[in-house]
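On a predicted model such as this, the values are computed, not experimentally measured, just so you know.
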Amino acid sequence: MRILKAEITGFGKYHEQSFAFHPQNQLLFGHNEIGKSTLYQFIAAILFGFSKKTAKKKDYTPKNGAAYGGKLWLALEPFGEVIVERYRQVDRGRAKVHVAGQTVDEQWLAQHLQPLNRALFFDVFTFQQEQLTQIDKLEENELHQALISLGISGSQKMLQQVAQYETINQQQYKPRGQKLPLNQALKQLEKLQKTIAEKESEESRIQQQYQQIAQLQEQIQDLRHQYQALNDAYQENQQQLSHWGLYEEWQQMAPADTLADPQQVQAIKQFYQQYQQLTEEIRKKEAELDQLEQGKESDKYFFYLDHEHQINHLLQQQVTMARLADREAAANQQETVAITELNRLIEKRQWSRESPPLVTASIHEQTTRLLQERVQLEELEKRMRHLEEKAQPLQDTAARLEQQHPQLIGRKPVSRPLWPLGIVGGLVAVIGIFLPSPWRWLALGAGIAAIIGSILPLMKAAPNKQQGIKQEWQTVLMQLDLLGEELAQLENEQQQKQQQISRAHQALTPFFGDLPVENWQSYLFAYDEDVASYQAYSQQRKQAYQERQAVTEELAPFEEQFRPYAEWLPLQNKTLLEKAAMLQKFHEEMQTIKLSRLQQPSTLLAQQLTRTRNERDQLFAQASALLQQQGLDHPAEISLWLKQWEAAQRTQQRAEELAGMLTSIYPKPVTQAELLQQKDQIKQQQTQLQAQMQQLTEHKQRLELEAAASQKNGTLNQLYQEESELKAVIEELAVAWGSRQLAASILTDVTTELSEQQLPQLLSAASTYFEQLSNGRYQKILLENGLLVAANASETFSIIDLSTGTKDQLIMALRFGYLALQKNHPLCPIIIDDGWLHYDSVRKERFAALLKEFGQSYQVICLSSDQEMVSYYQKYQQPIQDLSKGSERFG
């Protein structure tokens, strides 16, 4: 096994940090208190679990409230990369192991790390200074035990552990045992499997009920999908109704004719400006001519002559003006009626611009849901009363059994009916002692027989009777527990339902006020009718307003044509028809004057006037083609045409704006009546679906109650669950028993292997490392007269005579000797936490060289605050990680 990476969520001073490890030898350097021992303890905690809190152990629980634990990436043969994840607050600190795309538990981890465990990890594969000072002097027998202790479990635990494993296993299981836990569990499993076989014959009917329940659940789910689709359609319908005013405006916009080119519009404006200038010049010349003539209404007459053609054209359109006036009057009447009805509804419902009519779709849904929840609450209360009635006979039975047989629950038993016979027999026997023979022996025999007669029936009948009564009492209690659990669940559902009803009632009370819940639906329907009327009259008012606006726009050109005559005629505050009548009278008067006047001799001024008029006519002739392209017959129409062109341009921009807004909402043409009909159809279908769902739900609940009632006394699923739980218990006991057997066997084999067979090999390997660590000063570790000694080429030294640093090197060499024997199958990385405190510079360098060599077979993780050791790692080109520069953060 090798450690690839450590990711610490929270452990001691570390928070959201990660460490990557080299697969061979490496040094993690940092000053004191930087967290080296914390990292070492984190690795142990993730592999073997969190240590219990004690006063003598350091507590690594994070102080900032972060999750206590993290992850460890391992390379574990033959599985490859394995991730071990463990948090104190999750699953009571148990590990979660991710291997090959699957997640297993810590039992799998312990099984595949065997024989590595917490003791082996701390006493073999981790080196701390206090471990290297445990052995002062050793005899041969003590050396055997020390080798076992140092190499396997520490402090001579191995032999004690083997005995402990065997003792525990004897208390758990014996092949012919009766009362041991694993034996009893096996017997219970056999009995339970017989009960399951009997119960399976009754399962077909229950399975049919569950199939019906599943079918009903699918039908209910389909209806819910249909209801959701209808709800989406209803929301779309409401959106279309809410935007109906804009849609109607869009629809009423006639497709705009192709607007004139802006360059043509500019040319017409220039022509109109020149034409107006010439007209003004003509007016001035006519005024001069009029002063010369000083004649007989000459101003009106000359004005009439200038506008005779326009007046004739305008008077020819009197029929059209009369029709437009009638349309305007009808629109005004329709708008007045709509405003009257809207004011009535606003006064009735207290609506205003700040509080317009509410859209009651959500209120309908909340009201319907509230009524459904009230029905469900009543159903829950009925079920609770049914369970309470069902539980009352069981409570009476339990009370009767407890009263009649209090010994079953710890009360003083009632005396047996045969006790007087036993007392009489005892008295007869006592009296017989004082009688003479042979009466003494007769009395003693009769007394003993009476005592035996009173006791024997009780001894035979009591066990069987007590067992039957106890089973009956336990069955009643079990049934009461099941009813109690179901009743508690129903009470919890009742409380939740009451809370939901209370919240819904509070949410709807602002709308309904003090109105009783039973009248909410009728009130809501009446409110919807008023809202529909309000929307209809609003639409009617809008249509009337739009009609009046359209008529006004159509009348505007006529009003514009009357404007030039306001100077000569009293047209102010007159209707269009009145203006037409006055103009008709003016036309007739001027025609009379025209006939009466004679032709006057031409003057110079008249010639100039004629030339100007001709010039104006020529200008008009030149622009006539351009004007005809736009449908203009006379320059007087240009002013109105320009206004219409600007209005059409604004209309086209508005139409484009509405098209961009409403195309997605109205994908196809529709009428308001169709939308209202669609809304009613959707509401009707929703009501039908709700009724069907309610009916199917009630049927499903009845089947569930029947199925639950048929399984009250122990369903097959419960028996399967009991079987599964019992098998899990048996498996846990069996695995624990087998693990202890295997561990005891392994420990025994390893003990024998090390103490009898591998001792010479161990001493040879340890001698090699001792020579290397001591830089050749000592070459061998020997046993002389049962004592461990160090030797060089010329003499031997007892352990007592060695310096403290040399003793550490001797113990270190023995430890590395054991690890060398196991290097073909390394169980765990070697972790050394400053294990060279008594070493001088030379010894440290030799130790660094030894770690480099050992890194070829083992993963070696050195944790140190020794700057000198850093220089040796740099000299031997070994990886160094400086903890003071911070680890990688992943949060």
Assess whether side-chain contact (heavy atoms from CB on, under 4.5 Å) is satisfied between D866 and V870, documenting all intermediate values.
CA-CA 7 Å; D866 190 351; V870 174; over 6 Å; no
[Y] and [X] side chains, donor-acceptor separation under 3.5 Å:
{"X": "Y40", "Y": "T126", "value": "yes"}
{"X": "D833", "Y": "S37", "value": "yes"}
{"X": "S764", "Y": "S767", "value": "no"}
{"X": "T806", "Y": "R843", "value": "yes"}
{"X": "Y876", "Y": "N25", "value": "no"}

Atom [atom1] of residue position [X] - does it have more than 12 heavy atoms of other residues, nucleotides or ligands inside 6.0 Å?
{"X": "E725", "atom1": "CD", "result": "yes"}
{"X": "K191", "atom1": "NZ", "result": "no"}
{"X": "Q89", "atom1": "CD", "result": "yes"}
{"X": "Q24", "atom1": "CD", "result": "yes"}

Nearest heavy-atom pair of [X] and [Y]: which atoms, and what distance?
{"X": "S857", "Y": "P826", "answer": "O-CG, 4.0 Å"}
{"X": "C828", "Y": "L116", "answer": "CB-CD2, 3.7 Å"}
{"X": "R224", "Y": "Q217", "answer": "NH1-NE2, 4.3 Å"}
{"X": "A820", "Y": "F854", "answer": "N-CZ, 3.8 Å"}
{"X": "L819", "Y": "Y858", "answer": "O-OH, 2.8 Å"}
{"X": "A813", "Y": "I781", "answer": "CB-CD1, 4.4 Å"}

Pairwise salt bridge (charged side-chain N to carboxylate O under 4.0 Å, His left out) hits with a residue in residues 93-103, at least two apart:
D91-R94
All pairs passing salt bridge (charged side-chain N to carboxylate O under 4.0 Å, His left out) where residues 80-90 contributes a residue, at least two apart
R86-E106
Answer yes or no: is there a side-chain heavy-atom contact under 4.5 Å between [X] and [Y]?
{"X": "V97", "Y": "D105", "result": "no"}
{"X": "P829", "Y": "M1", "result": "yes"}
{"X": "I8", "Y": "H15", "result": "no"}
{"X": "Q867", "Y": "F29", "result": "yes"}
{"X": "W108", "Y": "V99", "result": "yes"}
{"X": "I832", "Y": "F847", "result": "yes"}
{"X": "I880", "Y": "Q26", "result": "no"}
{"X": "I43", "Y": "I3", "result": "yes"}

Straight-line distance of [X] [atom1] to [Y] [atom2], nearest 0.5 Å:
{"X": "H31", "Y": "K36", "atom1": "NE2", "atom2": "NZ", "result": "9.5 Å"}
{"X": "L850", "Y": "L773", "atom1": "CG", "atom2": "CG", "result": "5.0 Å"}
{"X": "S865", "Y": "N32", "atom1": "OG", "atom2": "CG", "result": "4.0 Å"}
{"X": "E853", "Y": "L851", "atom1": "CD", "atom2": "CG", "result": "10.0 Å"}
{"X": "S864", "Y": "L27", "atom1": "OG", "atom2": "CG", "result": "6.0 Å"}
{"X": "I34", "Y": "L883", "atom1": "CD1", "atom2": "CG", "result": "5.5 Å"}

Working for side-chain contact (heavy atoms from CB on, under 4.5 Å), residues S51 and Y60:
CA-CA 10 Å; S51 301; Y60 292 94; over 6 Å; no
Whether the side chain of [X] engages the backbone of [Y] through a donor-acceptor N/O pair (distance < 3.5 Å, no angle test) should be reported.
{"X": "Q17", "Y": "T9", "result": "no"}
{"X": "Q779", "Y": "G776", "result": "yes"}
{"X": "R846", "Y": "Q772", "result": "yes"}

Are L810 and L802 close enough, and set up right, to give a side-chain contact (heavy atoms from CB on, under 4.5 Å), and what steps lead you there?
CA-CA 9 Å; L810 175 63; L802 298 177; 4.2 Å; yes
Test of understanding: with salt bridge (Lys or Arg N to Asp or Glu O under 4.0 Å), list the residues that count as partners of E771, not counting sequence neighbours.
none
Under 6.0 Å between the ring centres of F19 and F42?
no
Listing, residues 789-797 side-chain donor-acceptor contacts under 3.5 Å, not counting sequence neighbours, or none:
residue, atom, partner, partner atom, Å
N792, OD1, S794, N, 3.0
N792, OD1, S794, OG, 3.4
N792, OD1, E795, N, 2.8

Run the salt bridge (Lys or Arg N to Asp or Glu O under 4.0 Å) check on K875 and E845 step by step: do they pass?
CA-CA 9 Å; K875 177 179 179 180; E845 183 175 358; 2.4 Å; yes
Derivation and outcome, side-chain contact (heavy atoms from CB on, under 4.5 Å), residues S841 and E868:
CA-CA 8 Å; S841 298; E868 188 177 5; 2.5 Å; yes
Please set out all donor-acceptor pairs under 3.5 angstrom arising from side-chain atoms of residues 65-79, sequence neighbours excluded.
none

What do the steps show when you test F11 against Y87 for ring pair (Phe, Tyr, Trp, His ring centres under 6.0 Å), and what is the final call?
CA-CA 10 Å; F11 195 91; Y87 296 94; over 10 Å; no
Output all residues satisfying side chain to side chain donor-acceptor pair (under 3.5 Å) with S798, sequence neighbours left out; order by chain, then residue number.
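In terms of side chain to side chain donor-acceptor pair (under 3.5 Å), with neighbours along the sequence ignored, S798 is linked to D801.
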